Amino acid sequence: MAANRRPGPARILHQHISHRLPDMSEYRPSNIEPKWQQYWLDNKTFRTGGADHSRPKYYVLDMFPYPSSSGLHVGHPEGYTATDILARYKRMNGFNVLHPIGWDAFGLPAEQYAIKTGTHPRDTTNQNIDGFRRQLQSLGFSYDWDREVNTTDPAYFRWTQWIFLKLYEQGLAYEASVAVNWCPELGTVLANEEVIDGKSEVGGFPVERKPMRQWMLRITAYAERLLQDLEELDWPESIKEMQRNWIGKSEGANVGFPVKSAVRGAGESIEVFTTRPDTLFGATYMVLAPEHPLVDRITTGEQKAAVSAYRETAAKKSDLDRTDLNKDKTGVFTGAYAVNPVNNEEIPVWIADYVMMSYGTGAIMAVPGHDVRDWEFARKYELPIIEVVKGGDITKEAYVDSHDGICVNSANDEVSINDLPVPEAKKVITKWLEEKGLGKHAVTYKLRDWLFSRQRYWGEPFPVIHVDGKPKPLPEDHLPVTLPDMDDFQPTKTGEPPLAKAREWVNTTDPESGKPAVRETNTMPQWAGSCWYYLRYISPDYEKGPVDPEAEKYWMPVDLYVGGAEHAVLHLLYARFWHKVLFDIGVVSTKEPFQRLVNQGMILGELEFTAYRDSGGNYVSADRNGMSDELERVKLQEKEIEKRGDRFVITGTDTVVDARSYKMSKSRGNVINPDDVVEQYGADALRLYEMFMGPLEQVKPWSMQGVEGVYRFLKRAWRLVMDEESDGVHPAVLRSVNSDGTPAVSPERAQLKLLHETIKKVTEDIEGHRFNTAISALMIFTNEAMKWDVRPVEVLKPFLLILSPFAPHLAEELWERLGQLADGNSTARNTLAFEPWPQYEEALLQSDTKVYAVQVNGKVRGQVEVPADRAADKDFVLDAARKEPTVGRHLEKGQVIKEIFVPNRVINFVVK
RNA sequence: GCGAGAGUGGUGAAAUUGGUAGACACGCUAGAUUUAGGAUCUAGUGCCGAAAGGCGUGGGGGUUCGAGUCCCCCCUCUCGUACCA
């Protein structure tokens, strides 16, 4: 570039000023970062203009953290930096920005710590919150700290309880004795979503089924709307798909199979749900879940012993055991027969634990010809298999085709679906069943009601008392119901919550009737507080409801919500459910809370190389199918490794090593503490690195050397403005306009071109959440500008503005120093946070020449530069291209039979 | 099994609508500078080749003047889910 070829005169103007600022000339984040953090706090720089509803709004939300004792990990600042960049960018673009933070502070860890140490969870929680707040502030996030919310604050959970009362009023909260996931180790029940493979998601303890009295929320009443309204959300497709799967809508029919009159249970009918009513003629037996209530009534005498033995075994099995038996299906004949309503065939009724009580009706009609599970079962117990859909070979495997298959063997005296394709057959047979009163079109959801109570201390108390053994909601003016102070937080082995021990608190009187009453001793699950926190931020001090309706209309919906994908179905589904209820009762004005959702990808630990050694000390090649635990793992340095083919081997050997990054974990010892990074490289470097690693949504490994890289960039940006030798602004930095407004130095065209290219790129990349490439553009600008002999202030200042969302401390500091340069000695510039975002000028992006790539037979052979005003002139450009020696050489090889001309891009000569 | 997403240098990654693959950064090599440095600067760096040139975006095939990008088949990895009738 020619920009650094600065002719003499500008230098003669000699506008630079040296400021004497001892110790401050070197880029030292520890000097400037706390200074600006304090400034922003003291001046409440980022307080949201709550009352100003005339400007366009932008609500950008982070998933609020659970303040754990171990503090922030590097995954937090990833999403938080992304939203902070957007918040700062939008402010500079004139938006009224709501960018809040708070604490999801109820939860098990504080309670378990309390049990261990006797420290009250409130104290632990408050300490942890203080730690998190300090850490977040040390990263320079532009939160409005006046809007902090805390789910454990009675002023907050008063409204969580209020919403529960509304749910109760709507008939959406009820008590039920249900078989719950009881986890003895944790001393609590868990939601289905909190149980993974039969173990608790937290801690991995075994979970067993146990009937208990529980509060349930009727989320199933909203299943259809939760499913339908996904359509209009701008969310990652994968998350929407997970929610769809979780809701699990199936369409089919409910069909009754009368139990044969000669046996016990005559007059009963077994109701099944099927998605394949077209295969009814292929139903050769039935299966009930072992827990099915009909089992007792239909089992014949001879089978009684076998059946009850099987039921007992099944009951003892945890969910984990039941899935383990996946491959080998078991079951027992009940002795009873049912009648297939389409053909009056008598078919045997079995029980088997591959049928779940919790889905559909807890009973199935088995169609072994066209269902893999039924096929396996029928094979094992030698039950008949009939083909009713053409196309497969049912002697070898079940033929499952619900689209193009053609029905066969499916007719009775009144109806035939033979020769019909499956979708058509479903309609015909369902209609017939409905006419005959034998069945009914039906929709079933996998989604089940939400188990909403926990046997814990550290959660929101229910605003419920029990009078005469019946639950009764407390009047609204008795909120909040606060937790009693206790010393003993130990759950009881019987499953009774710790709150039951607070006798004085439990025993109360009904404020309405004056009768003695006992308080509900269960508490709400951790999800409760996070179901609506985004509303509280809007009016955190509002006294008349959870949210000020006027402000709600202005701020909702959340424009952008960023957080981890681990909340795909839990938090995000629950919050949508509550929001819809609040919408129905007029508390909020939007159907959906979060218009746009982005999941940040997980940050893994540094890349690790692992070699394996057997007991004899010999290296063994790593196998992709996993290595045995008996082998010793040896961690190797990068220097000891070389690439061979698509694998890594120990240098000079054929021993393959594992090369991969692992999830950060304490046990692996690969956890990066943000505090350490801030101490060594500064918050700006941490922010920048987290954004520079790669696309926000992607999983990516940490690299300390990568942090060094962006740190070097920040140092260069610093030296672009500051002179480390002279303790002042760099002598090359010149203002282009004198303080009286007369022109002093005009930025060169090339300088302006680079600046405006950078503005354009950074602006578009921020809008598109491509922060990594935005930073790359800022680096390119810096690298080029460092070569300039003259660095006009008029060019540097817009650069600092577009750098500021990424590295706000550095940008503020340099802005301040350049401000001194421009305005004489004053400190007039306080903050750049509300400076208008620079706009690029199209005219300045144009260059004088255009470069064409010249191909011969599709291979690039050279390039040709032509004046911009001739660039569209095909003949001129082709002529210039032919004259290129590297091109001409290849043209001589034959006849040019075709010439491709793509304006401003490429020329291709086809030679034969 | 099923569903979704992804495979590009030694590494993290770039690449509007098909149009110069590897921007930017790390690492590495050589040099300069410094009392020294893990600081800074300069040059180089996809692979093979002295060069000309050839080969290169998981593998195979196709469409096209031209394919990382579009189509078909296959392989691998990650995430989610799991007897859902």
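Naming convention: chains lettered A, B, ... in sequence-line order (proteins, then strands); numbering from 1 in each chain. Remember, it's a predicted structure, so these values are computed and weren't measured experimentally.
Here A/Val902 lies in heavy-atom contact (under 4.0 Å) with a base. No engagement by A/Ser703 is indicated, since no non-hydrogen atom pair under 4.0 Å with the nucleic acid exists. A/Asn772 comes within 4.0 angstrom of the backbone, heavy atoms only, and of no base. A/Val710 comes within 4.0 angstrom of no nucleic acid atom, judged by non-hydrogen atoms across all strands. Using a 4.0 Å heavy-atom distance criterion, A/Asp371 is classed as making no nucleic acid contact. A/His890 comes within 4.0 angstrom of the backbone, heavy atoms only, and of no base. Using a 4.0 Å heavy-atom criterion, one finds that A/Gln863 contacts the bases of the nucleic acid, with or without backbone contacts as well. Residue A/Gly709 is in sugar-phosphate contact alone, with no base atom involved, counting any heavy-atom pair closer than 4.0 Å across all strands shown. Within the 4.0 angstrom heavy-atom criterion, no nucleotide atom of any strand lies near A/Asn857.
Out of B/rA21, B/rA13, B/rC65, the shortest distance to the side chain of A/Ile900 is found at B/rC65. Taking every side-chain heavy atom of A/Lys715 into account, B/rA39 is the closest of B/rU20, B/rA39, B/rC26. When distances run from any side-chain atom of A/Arg716 to the nucleotides B/rG80, B/rU17, B/rC41, the shortest one goes to B/rC41. Of the listed nucleotides (B/rG12, B/rC65, B/rA13), B/rA13 has the atom at the smallest distance from the side chain of A/Gln698. The side chain of A/Asn783 approaches B/rC24 more closely than any other nucleotide in the set B/rG3, B/rG53, B/rC24. Nearest nucleotide to the A/Val910 side chain, out of B/rA85, B/rC65, B/rA23: B/rC65. With distances taken from any side-chain atom of A/Pro695 to the nucleotides B/rA14, B/rU11, B/rA85, the minimum falls on B/rA14. Nearest to the side chain of A/Thr274, among B/rG12, B/rC24, B/rA85, sits B/rA85. In the set B/rC65, B/rG54, B/rC24, B/rG54 carries the atom at the smallest distance from any side-chain atom of A/Arg861. Taking every side-chain heavy atom of A/Thr275 into account, B/rA85 is the closest of B/rA85, B/rG53, B/rC24.
For A/Leu280 and B/rA85, the CG to C1' distance is 12 Å, given to the nearest whole Å. In this structure, A/Met786 places its CE atom 6 Å from P of B/rC41, rounding to the nearest Å. The CD-P distance, from A/Glu291 to B/rC83, rounds to 13 Å in whole Å. Separating the CG atom of A/Leu607 from the C1' atom of B/rG27 is a distance of 12 Å, rounded to the nearest angstrom. The CD-P distance, from A/Gln705 to B/rC26, rounds to 10 Å in whole Å. As rounded to whole Å, 17 Å separates atom C1' of B/rC28 from atom CD of A/Glu640. The distance from atom NZ of A/Lys426 to atom P of B/rA85 is 10 Å, rounded to the nearest whole Å. When rounded to the nearest whole Å, the span between OH of A/Tyr359 and C1' of B/rA85 equals 7 Å.
You won't find any donor-acceptor pair under 3.5 Å spanning the side chain of A/Arg660 and the base of B/rU78, going by distance alone. Side-chain to base pairing of A/Gln855 with B/rG19: one donor and one acceptor N or O lie within less than 3.5 Å of each other.
B/rG60 sits 28 Å from B/rG49 when the C1' atoms are compared, rounded to a whole Å. Here the separation of B/rG5 from B/rG66, taken at their P atoms, is 30 Å to the nearest Å. With both ends at atom P, the span from B/rC77 to B/rA25 equals 34 Å, rounded to whole Å. Comparing B/rG58 with B/rA6, their P atoms sit 13 Å apart, to the nearest whole Å. Taking the P atom of each, B/rC48 and B/rG37 are spaced 32 Å apart, rounded to whole Å. Spacing between B/rC26 and B/rU34 at atom P, rounded to whole Å, works out to 24 Å. When the C1' atom is used for both B/rU33 and B/rG46, the distance is 31 Å, rounded to whole Å. For the P atoms, the distance from B/rC73 to B/rU78 is 24 Å, rounded to whole Å.
Between A/Tyr381 and A/Trp350, the ring-plane angle classifies as tilted under the 30° and 60° cut-offs. Taking the six-membered ring where tryptophan is involved, the planes of A/Tyr359 and A/Phe273 are perpendicular, since the angle between them exceeds 60° and thus also 30°. Taking the six-membered ring where tryptophan is involved, the planes of A/Tyr681 and A/Tyr711 are perpendicular, since the angle between them exceeds 60° and thus also 30°.
Both distances falling under 3.5 Å, in either a Watson-Crick or a G-U wobble arrangement, occur for no nucleotide opposite B/rA50. In this structure, B/rG19 forms a base pair with B/rC65, meeting either the Watson-Crick or the G-U wobble geometry with both donor-acceptor distances under 3.5 Å. A 3.5 Å limit on both hydrogen-bonding distances identifies no Watson-Crick or G-U partner for B/rU33. B/rC79 and B/rG3 make up a base pair, with Watson-Crick or G-U wobble contacts both under 3.5 Å. Taking a pair to require two hydrogen-bonding distances under 3.5 Å in either a Watson-Crick or a G-U wobble arrangement, B/rU45 pairs with B/rG27.
In this structure, A/Arg719 does not reach the B/rA39 phosphate: none of its side-chain N or O atoms is under 4.0 Å from OP1 or OP2. Distances shorter than 4.0 Å separate none of the side-chain N or O atoms of A/Lys240 from OP1 or OP2 on B/rA4. The phosphate of B/rA14 has neither OP1 nor OP2 within less than 4.0 Å of any side-chain N or O from A/Arg770. A/Lys700 has no side-chain polar atom (N or O) that falls below the 4.0 Å cut-off from OP1 or OP2 of B/rG12. Distances shown here put every side-chain N or O of A/Thr773 at or beyond 4.0 Å from the OP1 or OP2 atom of B/rA15.
Nearest-nucleotide positions on RNA chain B for A/Phe909 and A/Phe692 put A/Phe692 closer to the 5' end. Mapping A/Gly360 and A/Glu708 onto RNA chain B via the closest heavy atom, the residue that lands nearer the 5' end is A/Glu708.
The neighbour count for A/Lys380 NZ, taken as heavy atoms of other residues, nucleotides or ligands under 6.0 Å away, is above 12.
When each of A/Thr610, A/Val649, A/Leu636 is tested with A/Val657 by the rule side chain to side chain contact (heavy atoms under 4.5 Å, CB included), just one qualifies, namely A/Leu636.
A glycosidic torsion no more than 90° from 0 defines the syn conformation; B/rG60 lies beyond that range and is anti.
A/Tyr310 and A/Thr330 share a donor-acceptor pair across their side chains, judged by distance under 3.5 Å alone. Residues A/Glu271 and A/Thr361 have side chains that never bring a donor and an acceptor to within less than 3.5 angstrom of each other.
Because its NZ or CZ atom is both nearer than 6.0 Å to the ring centre of A/Tyr354 and within 45° of the ring axis, A/Lys329 counts as a cation-pi partner of that residue. Cation-pi geometry between A/Lys249 and A/Tyr445 is not satisfied (NZ or CZ under 6.0 Å from the ring centre, within 45° of the ring normal).
In this structure the side chain of A/Gln855 never reaches within 4.5 angstrom of the side chain of A/Val887, judged on heavy atoms.
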